[in-house]
Every structure is written in structure tokens, then in C-alpha cells.
Amino acid sequence: MSVEKCTVYHEKQRWQMCALHALNNVFQDGKAFQKQNLDEICQSLAPSSRPNPHKSMLGLGNYDINVIMAALQRKDCEAVWWDKRRYVINLILCFLCFRN
């Protein structure tokens with residue numbers, strides 16, 4: 001029986017980039033998304049709004065859930081809202097394969 005070594009990619013939180021770090025951590029890839037990608041998503045969600053309502057006015061991140069949902073869709077994934085009043089047994093989990 002062989003035991004495979006599993007390494008987990010993790011970006012530490014910096015500034016207000018929690019959405020960026022969370023997405024890269026989910027996809028186990030530090031290049032899955034960059035700040036520019038999330039800024040482009042913000043622009044596409046509100047092309048004529050100044051300031052953009054989906055991120056910090058200071059340009060430091062603080063992206064809202066709409067940006068996260070759109071970023072996941074770009075990778076053919078989705079987030080499922082979970083109400084804590086529902087039983088965990090009803091949660092269908094899919095397993096991620098982590099790269100070495």
C-alpha cells in the first residue's frame with residue numbers, strides 16, 4: 001500500500017484581499033486569480049458605476065460575494081448557499097483532488 005504525499009496550497013491573508021486568497025486556496029493555485037482578474041469582474045458587474053459597488057473605493061480589494069460567485073463561474077464552478085437550519089446530512093460534498 002503506497003501513501004501519497006499531499007501538500008496543500010495556502011495563501012495568507014494580506015490587506016483586504018480575502019476573496020482573492022480564498023479563491024486561490026480553493027483552486028489550490030496561486031495563479032488561479034490575480035487582483036486584475038477580480039477588478040475586471042467588478043467592472044463587468046457594474047460597468048458605469050463610480051465608485052464600483054463591488055470592491056473597496058481605495059482599490060485594496062474587499063470584493064463582495066457577487067465577485068466571488070462570478071469568479072467561480074469563470075472556472076465552471078459554483079457556490080451553494082447553505083442555511084444552517086438545514087441538516088448537514090443533506091449537504092452533498094464533492095471531493096477536491098489536491099496536486100502534489
Side-chain angles (χ1 to χ4, degrees):
M1 175 195 253
S2 69
V3 177
E4 292 183 33
K5 183 178 179 182
C6 180
T7 58
V8 176
Y9 176 80
H10 175 73
E11 286 184 5
K12 290 180 114 178
Q13 170 67 38
R14 291 183 313 128
W15 302 101
Q16 295 178 341
M17 296 292 182
C18 49
L20 174 65
H21 301 311
L23 287 163
N24 287 343
N25 289 340
V26 164
F27 289 104
Q28 292 291 286
D29 181 1
K31 296 179 182 175
F33 291 97
Q34 303 296 320
K35 180 183 182 303
Q36 179 181 350
N37 302 123
L38 300 186
D39 287 340
E40 289 169 1
I41 291 170
C42 290
Q43 181 64 29
S44 70
L45 291 172
S48 60
S49 294
R50 299 285 184 260
N52 192 293
H54 300 288
K55 66 178 184 172
S56 166
M57 290 187 340
L58 302 175
L60 300 174
N62 201 23
Y63 302 101
D64 71 11
I65 189 63
N66 298 295
V67 178
I68 295 170
M69 300 291 270
L72 289 170
Q73 288 173 355
R74 285 190 176 188
K75 299 280 189 182
D76 294 323
C77 294
E78 65 180 340
V80 177
W81 290 101
W82 188 259
D83 186 326
K84 70 178 183 176
R85 294 172 291 183
R86 294 172 60 191
Y87 293 107
V88 174
I89 199 158
N90 295 331
L91 181 61
I92 299 170
L93 298 175
C94 66
F95 297 93
L96 299 174
C97 296
F98 297 110
R99 288 176 275 173
N100 290 340

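In what follows, residues are counted from 1 in the order of the sequence shown.
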### Message
Taking atom CD as the centre, does Q36 end up with more than 12 heavy-atom neighbours from other residues, nucleotides or ligands that are less than 6.0 angstrom away?
### Response
no

### Summary
Closest heavy-atom pair, F27 versus A32, reported as atoms and distance to 0.1 Å, is CB-CB, 3.9 Å

### Message
Using 0.5 Å steps for rounding, measure from the CE atom of M69 to the SG atom of C77.
### Response
11.5 Å

### Query
Which is it for L38 and L23 under the side-chain contact (heavy atoms from CB on, under 4.5 Å) test, yes or no, and what are the steps along the way?
CA-CA 10 Å; L38 300 186; L23 287 163; 3.9 Å; yes

### Message
I need the Q34 CD to L20 CG distance, nearest 0.5 Å.
### Response
6.5 Å

### Query
Is Y63 close to N52 at the side-chain level, that is, under 4.5 Å between some pair of heavy atoms?
no

### Task
Scan residues 56-67 for pairs that pass salt bridge (charged side-chain N to carboxylate O under 4.0 Å, His left out), counting only residues two or more places apart or in two chains.
none

### Message
For H21 versus Q13, what's the shortest heavy-atom pair and its separation?
### Response
CD2-CA, 3.7 Å

### Query
Between L60 and I68, is there a shared hydrophobic cluster once you connect ILVMFWY residues whose side-chain heavy atoms come closer than 4.5 Å?
no

### Message
For F33, is there any backbone N or O sitting under 3.5 Å from a side-chain donor or acceptor partner on N24?
### Response
yes

### Task
Flag the pair R74 / I41 as yes when at least one side-chain heavy-atom distance between them is below 4.5 Å, and no otherwise.
yes

### Query
To the nearest 0.5 Å, how far apart are CG in D39 and NZ in K55?
3.5 Å

### Query
Do N25 and H10 pass the side-chain contact (heavy atoms from CB on, under 4.5 Å) test, and can you show the C-alpha distance, the side-chain angles, and the key distance before you say yes or no?
CA-CA 5 Å; N25 289 340; H10 175 73; 3.6 Å; yes

